Every structure is written in structure tokens, then in C-alpha cells.
Amino acid sequence: MKPIDEIGEENRTSIRDLKEAREEPKIDNQLDPSHQAKMRALTAEFHDAEDCVGDEEVMFGAFPQQEESIAVLFPNAIQAIMGATELPGPATIPKRRQELLKWNGWGYNDSKFIFNKKGQVEFTGKRYRLGGTVLPILKEWMEKTFGASLEHKTLPRATLNVNDVPPSFANEEFLQDLRGTKISYSQDPEDRVFRAHGHCLHEILVLREGMFKRIPDIVVWPGCHEDVVKIVEVACKHNLCIIPFGGGTSVSSALECPEEEKRTIISLDTSQMNHILWIDERNLTARVEAGIVGQDLESQLAERGYCTGHEPDSMEFSSLGGWVATRASGMKKNIYGNIEDLVVHLKMVTPRGVIEKSCEGPRMSTGPDVHHFIMGSEGIFGVVTEVTVKIRPVPEYQKYGSVVFPNFERGVACLREVAKQRCAPASIRLMDNEQFQFGHALKPQVASIFTSFLDGLKKFYITKFKGFDPNVLCVATLLFEGDRERVLQHEKQVYDIAAKFGGLAAGEDNGQRGYMLTFVIAYLRDLGLDYYIIGESFETSVPWDRVLDLCRNVKERIVRECKERGVQFAPLSTCRVTQTYDAGACVYFYFAFNYRGISEPLHVYEQVETAAREEILANGGSLSHHHGVGKLRKQWMKETISDVGLGMLRSVKEYVDPNNIFGNRNLL
Amino acid sequence: MKCFNPVVYKGLSPCKPSAIKTTVLHSDQVQYVIRQLSKEMGESPDIIQEEAIEILDEMGHNIQTRAIRFFALTLSKVFKTLFRKICVNGEGIQKLQQAIQEHPVVLLPSHRSYMDFLMLSYLLYTYDLALPVIAAGIDFLGMRLVGELLRKSGAFFMRRTFGGDKLYWAVFAEYVKTMIRSGYAPMEFFLEGTRSRTGKTLTPKLGLLSIVMEPFFKREVFDTYLVPISISYDRILEESLYARELLGVPKPKESTSGLLKARKILSDDFGSVHIYIGQPLSLRALASGRIDRRPYNLIPRYLPQRPSEDIQDFVNNVAYKIELLQIENMVLSPWVLIATILLQNLPAIDFDLLVEKTLWLKGLTQTFGGFLEWPDHLCANKAVTSCLALHSNIFILVNGHVVLNDKDSEGGATEELVFKQALAILMCGSYRNQLLNLFVRPALVSVALQMTQSFRKEEVYSCFSFLRDLFSDEFIFFPGIAVKDFEEGCFLLTKCDIIQVTAQEILVAEKGSAAVSFLSAMLRPFMESYQIICRYLSKEAKEAFTEKQMISGIRNFAFPLLETGSSQCYEVLSSDVQKNALSAFVRLRVVDKMKTTNGVTYAVKKDALNKTADMLDSRIPVIKPVTARL
């Protein structure tokens with residue numbers, strides 16, 4: 001095992017060369033091209049692994065490469081699914097985010113869905129494996145689902161108009177003090193606008209067509225914990241407002257600047273605090289600065305053969321501190337746990353001082369856990385600067401899978417049984433029929449007649465032979481992780497349970513595509529926005545016995561509310577069960593509609609979203625499973641945690657931050 | 001043979017009636033109660049489970065298309081001989097058709113006759129709509145063959161009382177809810193609980209309504225449609241049976257032989273039937289913002305849960321709302337007007353005068369929003385004549401005068417004469433009551449105006465509110481404050497130029513005094529009956545008495561009054577008025593209700609009774625604190 005510093009730039013280049021060198025596909029033709037592409041990269045990474053972690057060579061050599069089993073060291077899921085072909089450097093996100101990331105949409109500048117000359121959807125850029133792939137069915141799906149048409153296009157403005165940006169207010173005394181700290185800062189309009197928002201629909205629409213009323217006056221980039229302490233001191237001295245900014249992927253209006261805030265707003269961007277401070281292999285923990293984004297954390301740990309296993313859908317861009325502040329949940333929580341299970345120790349800078357525990361004992365009985373004031377505090381108490389997280393050896397083997405169920409009811413019953421037997425794989429998700437079709441629309445072009453023939457055969461088997469109605473059936477996607485033998489055993493156990501509920505194994509490919517949907521959905525939304533389609537996702541958690549009723553009622557409520565508000569074409573209203581727990585499940589909804597012919601689409605959208613949340617609450621669902629409350633869902637906090645509960649939080653706020661320095665006004 | 005391909009609920013997964021029973025038996029709800037009872041009684045769960053199976057077998061319907069075909073065939077024959085025509089509102093059918101597909105549907109018809117549910121099933125069958133399952137009284141099962149036939153055509157049977165029986169309640173409630181949840185078929189039951197013998201809409205029974213609402217409260221269904229349906233008959237099949245029953249001749253037990261004997265009515269003419277299917281009400285819309293969701297979120301849904309006060313209030317309000325809609329949509333035949341006039345002009349009225357008054361009342365009814373089915377193609381004379389012909393068992397035309405038909409009652413003892421007279425008047429009253437359902441608010445204002453002899457609005461209002469309270473078992477008033485009812489009454493009277501309302505005063509218009517008298521005369525039988533009952537209670541009632549004793553007591557007290565002619569109020573003989581008066585007096589704390597081991601007994605509070613009697617007789621003004629609210 002090589003220490004982290006030894007894997008230099010040089011080494012990485014050679015890895016890339018290796019990949020390119022191994023282009024020639026030696027894979028069975030039965031797989032479609034995306035699979036082939038995947039296999040290609042897998043082979044490459046396989047050899048990466050050999051290069052970096054030589055002592056596992058034997059283990060890899062032990063089993064043959066066959067199309068059904070993929071044995072690989074995965075740096076992280078995104079590379080696995082979308083196939084990032086470059087290993088990221090130590091800091092993926094630069095200070096000037098706009099140089100790398102879209103200023104008015106999701107993700108990287110060079111990566112987006114477009115309609116190519118043939119009128120087919122294509123994904124651009126080389127960053128993802130999907131890059132350059134044509135998705136021939138997607139257009140038809142868009143037309144069929146939304147009544148969208150290529151002819152009706154609404155384009156955003158090309159660049160930010162700097163003159164529209166509200167001016168920066170910051171008094172000279174403060175700036176002088178700030179300069180004294182030697183911490184880098186910027187009052188550049190672009191920098192400030194970039195940190196004025198998260199990725200809620202209304203925020204993206206504002207970027208495309210308008211301007212925020214209030215944005216940060218100044219952006220600061222602390223480099224370490226001590227820098228943060230200094231900034232908070234200065235802000236307290238001058239009574240200014242700090243809004244911490246991590247990855248900027250919030251979907252709860254948590255980053256929006258309160259319009260009524262008269263003080264200078266400092267956006268505290270943690271992105272430069274992105275180092276792994278140490279790795280403790282004896283205790284399997286790592287001390288990490290809170291600004292590190294998910295993909296950097298995982299790839300840097302992977303260099304040492306470890307991972308945290310925390311993979312929220314936004315992990316390319318979201319930061320460790322952000323996960324803590326929102327009580328984030330990862331796709332593979334069944335193995336690794338949610339953020340609250342991963343955190344061993346953390347440090348937060350508040351106006352009252354620094355809070356941290358005195359030791360890293362794995363569990364303590366020392367009164368209510370103060371970590372739980374910090375996790376989910378959404379930036380109202382202070383800034384999380386450093387976190388000790390649990391790490392695990394990177395799993396030896398990973399395998400996708402999928403199961404088709406005759407209907408959603410049977411699927412939920414199966415997931416419930418899996419949860420009951422506590423044998424959930426790393427990830428198990430159940431997509432409803434609409435989402436299955438959505439996922440299907442993302443199928444790349446079929447290369448060979450044989451593949452399409454095989455697809456047809458599979459379809460025939462499921463729909464005709466097994467009698468599944470293609471408009472009713474639903475699909476569960478699975479991801480197994482661990483050592484090979486256990487994975488195969490585990491896989492059998494899960495498929496056996498599925499069979500009891502009428503489930504048929506439907507291959508790895510379907511499974512993998514299911515997970516791809518998660519990562520491309522945000523890019524797809526940008527495409528939709530160009531064609532009068534607006535949409536959003538939201539989530540909840542709910543006891544098992546109410547899952548079916550909640551899914552049905554919320555979807556129906558969305559359809560009805562849209563109809564009542566004059567939406568011409570029935571909306572996309574779809575859900576999936578994304579996490580299983582002992583006592584319930586997490587349900588994720590997608591909701592999108594074509595807004596042509598509606599004068600105030602955003603208003604309609606917001607009303608429907610509110611109605612959907614009301615419906616969730618009325619069905620016994622929670623206000624949020626992992627997105628958080630922010631300002632978007634504040635109105636329901638009192639109902640959710642009771643008057644006394646709210647009072648308890650307020651009194652903590654009152655003690656920690658009496659002058660409301662951390663004035664983003666989330667939660668309370 | 002007709003092809004029957006009904007429209008059904010979109011979420012329906014078809015299943016056999018027996019499958020429902022199995023689902024119910026194995027439901028968490030029923031199993032929970034079985035375990036509880038087994039613990040309480042120390043009996044093995046198997047035995048209790050057996051009991052549950054028996055209950056289910058007794059209760060469950062066994063709907064079969066064959067039986068329905070058979071029924072449809074026979075019914076169409078029977079209906080053709082009995083009735084001239086059956087009318088239904090077309091757009092109502094359309095809306096119902098849509099509703100049935102969208103969400104589980106609960107049909108809530110008015111209940112005037114046994115014909116009601118046959119009529120409705122027949123109608124749905126004819127229009128290719130999913131046939132309802134119907135909550136019927138267990139007494140039908142006493143009828144051989146017919147009981148089973150009803151079962152096969154979708155009736156399920158509930159015991160009339162099962163308050164104490166936990167197992168029965170659990171099984172029954174779960175049976176109903178299972179059918180609602182699965183959208184198995186439209187559910188039909190009568191809010192009034194029983195057939196109204198008087199033509200007045202009865203106060204709603206809430207038990208079944210709250211059961212069918214529960215799946216929505218627990219969000220097991222997205223929504224539930226409640227459909228008020230008004231069924232009215234030109235002439236009610238059971239009219240004379242009802243009158244006899246009210247006068248104390250016991251109701252014949254439902255039996256097949258009785259049914260066969262009743263076939264002689266087939267030769268009679270019963271006019272037309274009107275079915276009005278109201279706008280389906282979305283329970284979701286009704287409940288919006290009124291239901292606290294926490295209680296439902298924090299307890300497992302299978303646990304039986306006593307509805308909170310909010311929920312009870314809500315269910316009660318919805319029940320009243322639906323009954324008021326039933327009244328509003330009820331088609332009134334011209335005979336209803338004629339009966340009202342005839343009752344105010346006993347023993348005889350000149351035919352031409354009758355026609356003139358009927359036309360006047362027609363105008364009034366239409367302004368009050370009554371849904372009058374007037375034969376426009378006929379001249380008024382002919383319309384009245386044809387109505388009289390249909391009801392010649394009660395009134396006949398003799399020498400240009402309309403008089404009571406007493407051809408059966410020649411000779412006989414005076415007591416029998418009184419009985420015969422009462423019979424005719426009660427029959428006739430049941431038609432007047434159909435109009436009174438609608439007229440009660442302006443009529444009460446009229447009575448209040450006459451009683452107070454004052455123009456001051458607050459005095460009139462306090463009298464109105466006293467009477468509304470007193471009569472709240474007789475008529476349907478939306479629960480809550482009386483002001484709205486008062487304002488509605490005043491509004492309707494103003495609309496007809498009967499009164500003028502200023503900020504402080506209510507003035508009877510010059511031309512309006514006749515109308516005021518007419519309207520208050522409509523309520524006179526009730527006023528007088530209550531007065532007589534008051535007199536009886538203060539003079540004759542024992543220390544403690546039962547309802548039964550009171551009823552016979554009042555009859556004995558009233559008979560001489562009617563014989564001697566010192567009272568004309570035959571309706572005081574009606575057990576309906578007597579029972580309502582008793583419960584009103586209990587509510588007003590004039591009579592104490594006591595539960596003893598021998599059942600319920602009552603005792604009069606003399607002072608309070610005298611005071612109420614004085615107010616009723618307008619000897620002392622009504623004083624109520626609520627006046628401040630005006």
C-alpha cells in the first residue's frame with residue numbers, strides 16, 4: 001500500500017494512457033454498447049487497481065471476467081455509472097466555480113444534453129461515459145410524456161448581465177480587518193451570484209431569466225479551521241451576516257439570502273478547505289476538512305484503499321460540511337450508514353466559540369448528543385470545519401442487478417420483506433412504472449441486431465410469457481458490494497425473496513441504468529427547461545404500512561392539482577422507494593410538467609409542490625428525509641416538531657448566536 | 001337479453017364476494033379485536049374467530065349477475081304496472097358515471113319506501129353503472145327467499161343495534177371499509193336510517209357515515225365521493241301502512257307471505273317516480289383544512305380509534321349537509337301543494353278556490369327554490385283534478401267541493417271515526433311535510449312573528465331560535481347557530497314581498513299577512529301537538545314513566561279532545577310527534593331522562609315544563625341570551 005503523497009500526477013497520466021490503450025473490446029457481443037463501454041473502462045480501472053494496489057492482484061486473478069460479473073475497485077459510483085474518465089485532482093472545485101461549472105444550470109460546463117443534427121438527444125463532453133452517446137428514444141419519450149415539441153424552445157440568456165447584479169455593500173473597516181487576516185476574498189459580481197442560490201427550480205429560473213433581489217456582498221475562501229475562526233470573529237465584531245456555502249447543491253432554498261437582511265452578507269465558501277488531514281487505519285477513521293466534495297473525498301481515500309461509502313446523488317459537487325449540515329443520506333447507507341452514523345467527531349465554529357467533543361469514543365452517554373444539534377442545523381449555528389468520519393476498505397466486488405415485479409404493490413411488499421430480514425444490499429430501489437419507462441428512455445442506441453433481438457426476446461418473455469403488463473410492471477434496482485463470495489450469496493438471498501413476490505431477475509444492465517437516472521436527472525432538467533418543461537424532485541420518509549397509500553395519493557394529488565391549475569398536458573408524476581429501514585422507507589418523487597399556455601408557471605409549480613407536501617404530511621410522511629428544511633419547508637416545522645421542539649431549537653440558537661450572525665434564516 | 005357491462009372504479013381489482021370476507025377476517029383490524037376479546041373473556045381466539053365467521057356469513061352480500069338479471073326483469077314488469085313513469089336527471093347519471101370511475105362512491109338516497117333501493121339498483125343497471133352494495137336492516141333476512149335474493153343482488157345486512165358488541169362492530173366496520181378501500185362497488189345506505197313515515201327528512205344516523213369516511217381520513221383512499229340522491233314518489237306505496245303505524249297499529253313483520261299479499265297493490269296507480277342524483281361531493285374537498293392529521297399519523301391504522309370531537313363534528317355536519325341537499329333536490333309533485341292547502345281547509349273546500357290557492361302556492365314554492373314538477377301542458381284545473389284522482393283514497397271531489405274520502409267509515413263508533421279521520425289526515429300530512437321540509441325556515445319566522453306580535457328583530461329572532469331548538473328533531477337544521485337559518489327565512493320572505501326587514505325591525509307587508517298566516521298554519525299541527533303534550537305531561541304524567549307509557553297516555557288524553565271537537569289536532573296522535581316532543585323536552589331539560597336497570601324512564605320537571613308551555617302558548621315572551629348575537 002503506497003502512502004497518499006506518492007501517487008503523483010505522473011502516475012495518473014499513465015493510468016489514462018492505459019485506458020486509451022485498452023480500447024479494443026474483447027467482450028461478448030450480447031451486451032449493448034453502453035455495457036461494452038462500461039466493460040472497457042472497468043478493464044482499465046481493473047488495471048489501475050493492479051498498479052496502485054498491487055497486493056490485491058491475486059484476488060483479482062482468482063476469478064474470470066465474464067459479462068455477468070464485474071469485479072473492480074470502484075473509486076466511486078459516478079465513475080462506475082457515468083464513467084468519469086479522469087481521476088480528479090486534489091481540488092476539483094476551483095475558487096472561480098464558473099470556470100468549471102455552469103452558472104445557470106447543473107454540473108460541468110462541458111456536460112449537457114443537446115439535440116444533435118438528427119434531432120436525437122446526445123450527451124456532450126468527455127467527462128462522463130455517457131458523453132457522445134446518442135439516446136434515440138428520449139425525444140419520443142419527452143414528446144409522449146410532456147407533449148413537448150422541438151419547435152417550442154425557450155432559451156436562457158447566454159451570459160450573466162453584470163449590470164443587473166445588486167452592488168456589493170461592505171464597509172471599509174470590515175474590509176481592512178478582513179485583509180488583515182490574509183484570507184482570500186472577492187466582491188466580483190459573478191462570484192457573488194454563484195453563491196446566492198442552490199438548485200431549486202425557482203433559483204435556476206431566476207438565473208435563466210431574472211436576478212436575485214439579494215445576494216452575498218462578499219465571498220471569502222478560508223483555507224483552514226483557523227481562518228474560519230478569524231472570519232467569524234471579524235463578522236461578530238462588525239455585526240455582519242455569514243452564510244456558509246459548501247457545494248451549492250441545496251434544494252431547500254437554504255442558500256437564498258434573506259431579502260430583508262440589511263447587514264453585509266458574507267458568503268463563507270468552504271471549497272478550499274478540502275484536505276484529508278489524516279487517515280487512521282487502526283480505527284478506520286479519517287479527519288477531513290469540511291469543504292471537501294464527495295468525489296474528491298472518495299477518490300483520495302481510494303488511493304489508500306478506503307472509502308466512506310457515503311454517496312448522495314449530488315456527491316460530485318456536495319461537500320462533507322453540507323452533508324453534516326443537512327443530515328444527508330447516501331445511496332449505500334445500508335452498508336455504510338447515513339451521515340449521522342458516519343460522523344465520529346466534528347468541529348464547528350460558532351459566534352459563541354468552537355464546539356467539539358474531547359475524544360473520539362465510538363459512542364458516549366454524556367447527555368443529549370451535541371452532534372445532533374450540529375447535524376441538520378443548516379448553517380444557523382455556525383460553520384462545520386473539520387469532521388472525523390468512519391472509513392472502510394474499498395469493497396472487492398460490486399455488482400448491479402435488477403428485478404421486475406408485476407406491479408408496484410408486489411415490489412413494495414418485497415422491499416418490506418428484505419428490510420424485515422435485514423438483508424438489504426448496499427442499495428435497493430424500487431421505481432414505479434413511469435420511472436421505469438423514464439429509465440428506459442435513456443437507453444443508448446443499440447449497436448447490433450443481435451442485441452436488439454435479445455432485448456426483444458427479454459421483453460417478450462416478461463410481457464407475454466410471464467404476463468407482465470408493460471404499463472404496470474415496475475423495477476427494483478440493486479447494488480451489491482463486498483467480497484465476491486458474500487455478494488453472490490447475498491444476491492441469491494435477495495433474488496429468492498423477490499421470487500416470492502413474483503419478481504423476475506432482469507439483469508445488471510437495467511439496474512445500472514436505473515442508477516444512472518439519478519445522476520443525469522439534474523442535467524435532464526436543464527434540457528427540459530429549454531423546452532417549456534419544469535420539474536423538481538422531493539422526498540420523504542414514511543412507515544412501511546403507509547408507503548403504498550402515500551405514493552398513490554401524492555402522485556394523484558400532483559396530477560389533480562396540475563389539472564385544476566390549467567396545466568394542459570398531464571404532468572410526469574412518478575416515485576421510487578429509494579431506501580429501506582427497519583420501520584419504514586424513503587420515497588423520492590419526480591414531478592415535471594409542460595408549462596406552455598400557462599401565464600405564471602413558477603407560481604403554479606410552487607402551489608403544486610406545496611400541495612404535494614401537504615399530501616405527504618397528511619399521509620403520515622415526514623417533512624424531509626435528507627433534503628432538509630431550509631426556507632422552502634419552514635412553514636411546516638412547527639407542526640413537525642411541535643411548539644416545544646421549536647422552542648428548544650430557538651433557545652440553542654439564542655445561546656450560540658444571539659446576534660444572528662449566521663443569518664440565513666433556515667429552519668426556524 | 002341485455003348485455004351488462006358496467007362502468008367500474010378505475011383502481012378496481014375484481015374479486016369474489018367470498019374473497020372480501022376472507023380479507024376482512026384476516027385483516028389486522030379484526031384479528032386485533034379477536035385477540036383483545038380472547039384476552040378479556042379468557043376464550044380461545046379460534047372460538048371468537050368462528051363467531052366472526054358466523055357474523056360475516058350473516059352479514060355478507062353475495063352479489064351475482066344472474067340474480068340481478070332476474071331482479072331487473074321482474075322489477076321492470078312490476079314498475080311498469082305500478083308507476084306511470086320513472087324520471088331521472090340525465091346529467092346526474094353522467095356525473096355519477098364519472099365519479100364511479102374516479103374514486104370509491106357512496107350513494108346516499110333519501111328513504112321513503114322499500115322501493116328506494118330497488119329503484120336505485122334498477123336505475124344503475126339500466127344505465128350500465130356498477131351495481132351498489134346496499135346496507136340493509138337484518139329484518140329482511142326474516143323473509144324467506146327474498147332475503148337471499150336481496151343478498152344475491154348486493155344487499156348486506158346489519159343489525160339494528162350493536163353498540164355493545166365489539167366483535168360485531170369490528171367485523172361490520174371492516175367489511176364496509178374493505179369494500180370502500182378496494183372500490184369494490186358503490187356503497188349505498190340511508191342516512192336517515194329508516195324509512196321516514198312522515199315525509200319529513202329524519203335526522204341523520206352517523207355510524208355508517210363515519211365508517212365509510214374513515215378510509216379517507218386514514219388516507220387509504222385518495223378521495224371518496226358522497227352522492228346525495230333524492231327519490232320522490234307522487235304517491236308512496238306504503239302511505240296507509242305508515243299512517244297506521246304512526247297511530248299505533250304495529251308494523252307488519254317483513255315476511256314473504258306479507259309481500260305476496262301486498263301484490264294487490266299492483267292494480268293500483270302510484271303516479272310517477274322522480275330520482276334526482278345530486279352532484280357528487282368530494283370528501284377530500286369537504287374535509288380540506290378541517291381534519292387534524294396527527295391523530296391518524298401517530299397510531300397504527302389498524303387500531304380501532306375513537307374519532308376525536310372534531311371528526312365527530314365534521315361527520316355530523318356532512319350528514320346534515322347531505323340531507324339538506326336531498327331536500328333541496330327533492331322533486332315535489334303538485335299534490336304536495338294541494339295536500340298542504342286541503343289540510344288548512346277541512347272538512348271541505350270549493351274546487352275553484354283550491355285551484356286558485358294551489359296556483360298561489362305554486363308561485364311561492366318556486367320562489368322558495370322548490371323543485372316543482374308542474375304539468376305545464378295541462379291547465380291548472382286539469383292538473384289539480386288529476387292529482388285528486390291519484391289520491392282519491394284520501395280526498396274526493398263532490399259537487400264542486402273537495403272533501404275527505406270517508407266512504408269506508410260510515411257508521412261505526414266515534415272512536416273509530418276519529419281513527420279514520422286521523423288516518424286520512426296523517427296520510428295527507430305526509431305530503432304536506434314534503435313541502436314543510438323546504439318551507440320550515442320562513443314558516444318558523446312567520447310563527448315567530450305571530451307569536452311575538454312585535455316588529456323588533458331581536459324579539460322575533462329569540463322566538464325563532466327557541467322554536468328552532470324545540471323542533472330540531474322534527475326538521476333538518478344545519479348544526480350550529482340559528483342566525484343563518486333565521487336570515488335565510490327572512491330572506492325568502494322578503495323575496496316574496498311578504499315582509500320587509502330593516503336593521504332593527506321586521507314589518508309584515510300589507511299583502512303579506514295572508515302568506516304569514518298560511519305559513520304559520522303549516523306548522524300549527526306541530527305547535528298544537530306540543531302544547532297538548534305539555535298539558536298532558538303537567539296534568540297526567542306519573543313520577544317516572546317510560547316512552548311507551550307516555551305514548552298511550554297521550555293517546556288516551558287526546559282522544560276525548562278530538563271526539564268532542566275541542567281540538568282539531570289529529571296529528572298529536574302520531575307517535576312520531578310524541579317521540580320528537582319527548583326528546584326535545586329532554587334536550588330543553590324540561591324532562592329528565594334516567595337510565596335504570598329496567599331501561600330508560602323519564603320524569604317531568606314541573607316548573608320548567610310550565611315555563612315552556614307558557615312560551616309555547618305565547619303567555620310569556622321567549623327570552624334567550626343569544627339575542628346579543630344578532
Side-chain angles (χ1 to χ4, degrees), chain A residues 406-410 412-413 416 432-433 469 471-472 502 540-561 563-564 570 573 575 583-584 587 607 610-623 635-645, chain B residues 9-15 23 26-29 31-32 98-99 101-104 174 177-178 180-183 213-225 280-305 308 310-311 314:
Chain A
N407 55 44
F408 194 64
E409 288 74 12
R410 303 282 278 166
V412 170
R416 205 283 161 263
D432 68 0
N433 184 268
D469 180 346
N471 292 314
V472 178
T540 186
S541 55
V542 61
W544 276 115
D545 70 317
R546 296 170 198 258
V547 169
L548 279 178
D549 289 331
L550 181 132
C551 291
R552 183 198 54 229
N553 290 345
V554 172
K555 287 199 284 182
E556 171 128 18
R557 179 78 181 261
I558 289 172
V559 172
R560 299 186 135 236
E561 294 282 337
K563 197 173 166 191
E564 273 168 33
S573 170
C575 71
V587 183
Q607 284 179 316
T610 304
R613 183 56 61 180
E614 284 284 341
E615 193 61 38
I616 286 174
L617 297 176
N619 280 274
S622 65
L623 189 54
Q635 55 176 310
W636 292 289
M637 265 304 266
K638 192 170 132 185
E639 177 185 333
T640 301
I641 63 169
S642 82
D643 271 339
V644 179
Chain B
Y9 172 51
K10 63 171 185 214
L12 177 72
S13 41
C15 67
T23 314
H26 294 126
S27 66
D28 292 344
Q29 286 82 341
Q31 287 299 322
Y32 171 81
Q98 225 163 26
Q101 293 174 63
E102 271 179 61
H103 300 299
E174 193 50 29
K177 284 188 279 184
T178 303
I180 291 280
R181 272 185 222 123
S182 61
M213 285 182 173
E214 211 182 279
F216 169 72
F217 291 151
K218 293 187 171 172
R219 304 291 161 149
E220 292 160 336
V221 294
F222 183 78
D223 198 353
T224 304
Y225 277 126
L281 302 175
S282 148
L283 178 55
R284 175 174 273 269
L286 291 171
S288 158
R290 293 200 47 177
I291 306 293
D292 180 8
R293 47 207 174 202
R294 256 169 314 174
Y296 290 101
N297 284 348
L298 290 177
I299 297 173
R301 293 187 291 181
Y302 73 85
L303 287 184
Q305 200 179 342
S308 67
D310 281 356
I311 297 283
F314 174 72

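Bear in mind the structure is a predicted one, so any value in this text is a computation, not a measurement.
Residues satisfying the side-chain contact (heavy atoms from CB on, under 4.5 Å) test with A/Ser642, not counting sequence neighbours, are A/Val644.
Using a 4.5 Å cut-off between heavy atoms, A/Leu617 contacts chain B through both its backbone and its side chain. Contact of A/Arg560 with chain B is made through the side chain alone, with heavy-atom distances under 4.5 Å. Of the atoms belonging to A/Glu615, it is side-chain heavy atoms, and not backbone ones, that fall under 4.5 Å from chain B.
A/Asp549 places no side-chain N or O within donor-acceptor distance of the main-chain N or O of B/Val221, the cut-off being under 3.5 Å. With A/Arg552 contributing its side chain and B/Glu220 its backbone, the two residues share a donor-acceptor pair below 3.5 Å. Proximity of a side-chain donor or acceptor of B/Arg301 to a complementary backbone N or O of A/Asp545 within less than 3.5 Å is detected.
Close approach to chain A, defined as a heavy atom under 4.5 Å from one of its heavy atoms, is seen in B/Arg293, B/Tyr296, B/Asn297 of residues 288-298 of chain B, taken by number.
The pair B/Arg219-A/Glu556 does not meet the salt-bridge criterion, since no charged nitrogen lies less than 4.0 angstrom from a carboxylate oxygen.
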